Amino acid sequence: MNSLTIVLIIIGTIAVLLIIAGLLAPKEMLVEQSVTINKPRQQVFEYIRHIKNQDYYSVWNMSDPNKRTTYKGADGQPGFIYTWDSDNKNTGAGAQEIKNIVAGESISCELRFERPMKNVAQSTMTSQSVTPTQTKVSWKFEGPTKFPMSIMTPIFRNMLGKDMQKGLDNLKVLLEKQ
């Protein structure tokens, strides 16, 4: 075999492996993290239901203090939209809209990412009483992953999970100081 044939066989094998990986890769990404906060559930929920408060605990919101933000509607109510636009490539641009609130229990949002990658995902934060003075907060993120990015889902899931946990840990410190 000549070297061109060997190179073509290697390229073909890599292409086939990538196609197989794409077919087997998850089409959805689901990440959920939680933390227990030493505060009553209602106090915790009243804080997390306001999207503007994410500027004080979310790793992503805090990644660029110079990002441009706009707000539409009443924060803490369905229909409220928080938009961001950053020159920082990791922060990017997009919008977060409150879709549903179950009083004292959960807030569900739709995330519409424009940059660095276009995508739509769902995020839900729930609060659950552990004791009268302790609350478990769970943060769930779910969204589609498309080929070829779906091949990287395990890496993205790990990175996203770490960032979500850091945000929850920030939330715990912030609320327990109050």
Side-chain angles (χ1 to χ4, degrees), residues 26 28-86 88 90-114 116 119-145 153-178:
E28 292 282 323
M29 179 163 33
L30 173 62
V31 180
E32 187 168 4
Q33 300 295 111
S34 62
V35 70
T36 299
I37 299 172
N38 295 313
K39 290 290 182 176
R41 181 178 56 87
Q42 195 58 40
Q43 182 180 349
V44 171
F45 184 76
E46 281 306 309
Y47 191 83
I48 64 173
R49 78 185 198 113
H50 292 90
I51 300 302
K52 290 180 186 178
N53 287 338
Q54 289 183 5
D55 286 346
Y56 306 108
Y57 65 89
S58 168
V59 172
W60 306 294
N61 289 43
M62 294 170 25
S63 68
D64 180 6
N66 298 316
K67 69 185 177 300
R68 295 163 300 282
T69 56
T70 61
Y71 313 102
K72 181 180 175 188
D75 194 3
Q77 299 296 320
F80 175 76
I81 301 173
Y82 170 102
T83 64
W84 72 93
D85 188 0
S86 172
N88 178 326
N90 293 323
T91 305
Q96 179 174 3
E97 180 178 354
I98 298 175
K99 289 298 198 174
N100 188 45
I101 292 181
V102 177
E105 292 179 20
S106 66
I107 175 170
S108 299
C109 297
E110 180 176 84
L111 298 162
R112 297 183 290 268
F113 301 102
E114 295 298 322
N119 202 0
V120 176
Q122 308 304 315
S123 174
T124 303
M125 292 187 89
T126 59
S127 60
Q128 178 183 8
S129 292
V130 177
T131 70
T133 59
Q134 286 187 316
T135 303
K136 178 181 178 183
V137 175
S138 297
W139 194 354
K140 182 169 71 171
F141 174 93
E142 53 190 323
T145 57
T153 296
I155 294 168
F156 290 142
R157 187 181 294 131
N158 185 40
M159 289 171 32
L160 184 60
K162 286 179 183 177
D163 285 349
M164 289 170 67
Q165 191 61 54
K166 176 70 174 149
L168 288 168
D169 293 343
N170 290 343
L171 177 66
K172 175 180 174 69
V173 169
L174 182 71
L175 290 180
E176 288 182 357
K177 283 183 181 177
Q178 294 181 352

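What you see is a predicted model; the values in this text were computed from it and never measured. Along the sequence shown, the residues carry numbers beginning at 1.
Shortest non-hydrogen contact noted between Phe45 and Val102 is CZ-O, 3.6 Å. In plain terms, the two heavy atoms of Thr69 and Tyr82 that are nearest each other are CG2-OH, 3.6 Å. Looking at every heavy atom in both residues, Thr135 comes nearest to Ser127 through CG2-CB, 3.8 Å. Contact record, Lys172 with Val35: CD-CG2, 3.7 Å, taken as the closest heavy-atom pair. Nearest heavy atom pair, residue Asn38 against residue Glu176, reads N-OE2, 2.7 Å. Heavy atoms only, all atoms of each residue included: Trp60 and Met164 are closest at CH2-CG, 3.4 Å.
Side-chain contact annotation: Gln33 with Gln165, donor-acceptor N/O pair under 3.5 Å present.
Considering CG of Asn100 and OG1 of Thr124, their distance stands at 9.0 Å, rounded to 0.5 Å. From Lys67, atom NZ reaches atom CG of Asn61 across 5.0 Å, with rounding to the nearest 0.5 Å. Rounding to the nearest 0.5 Å places CD of Gln54 at 9.5 Å from CG of Leu171. Note: Leu175 CG to Gln43 CD = 7.0 Å, rounded to the nearest 0.5 Å. Taken from OG in Ser106 to CE in Met125, the straight-line distance is 11.5 Å, to the nearest 0.5 Å. Summarising the geometry, atom CD belonging to Gln96 is positioned 8.5 Å from atom CZ belonging to Phe80; distances are rounded to the nearest 0.5 Å.
Residues Glu110 and Val120 have side chains in contact (heavy-atom distance under 4.5 Å, counting atoms from C-beta outward). Contact annotation: the side chain of Thr126 never approaches that of Val137 to less than 4.5 Å [non-hydrogen atoms, C-beta and beyond].
The backbone N or O of Thr131 sits nowhere less than 3.5 Å from a side-chain atom of Ser129 that would complete a donor-acceptor pair. A distance-only check finds no donor-acceptor pair linking the side chain of Arg41 to the backbone of Gln128 [under 3.5 Å].
A cation-pi arrangement is present between Lys52 and Tyr71, with the terminal nitrogen or guanidinium carbon under 6.0 Å from the aromatic centre and inside a 45° cone about the axis.
Below 30°, between 30° and 60°, or above 60°: for Trp139 and Tyr57 the angle between ring planes is above 60°, a perpendicular geometry.
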Problem - Criterion side-chain hydrogen bond (donor to acceptor under 3.5 Å, both in side chains) on Asp64 and Ser86, from CA distance to verdict - result: CA-CA 7 Å; Asp64 180 6; Ser86 172; 2.4 Å; yes
Practice task
For Cys109 and Ile51, run side chain to side chain contact (heavy atoms under 4.5 Å, CB included): C-alpha distance rounded to whole Å, both residues' side-chain angles, the deciding distance at 0.1 Å, then the answer.
Solution key: CA-CA 9 Å; Cys109 297; Ile51 300 302; 3.7 Å; yes
Practice task
May I have the step-by-step check of salt bridge (charged side-chain N to carboxylate O under 4.0 Å, His left out) for Lys140 and Glu142, ending in yes or no?
Solution key: CA-CA 7 Å; Lys140 182 169 71 171; Glu142 53 190 323; 3.7 Å; yes
Handout entry: Thr83 vs Ile81, side chain to side chain contact (heavy atoms under 4.5 Å, CB included): CA-CA, chis, key distance, verdict
Key = CA-CA 6 Å; Thr83 64; Ile81 301 173; 3.9 Å; yes
Problem - Worked verdict on Tyr47 versus Gln178 for side chain to side chain contact (heavy atoms under 4.5 Å, CB included) - result: CA-CA 11 Å; Tyr47 191 83; Gln178 294 181 352; 4.1 Å; yes
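Under 4.0 Å is where a charged nitrogen must lie from a carboxylate oxygen, and between Glu97 and Lys99 at least one such pair does.
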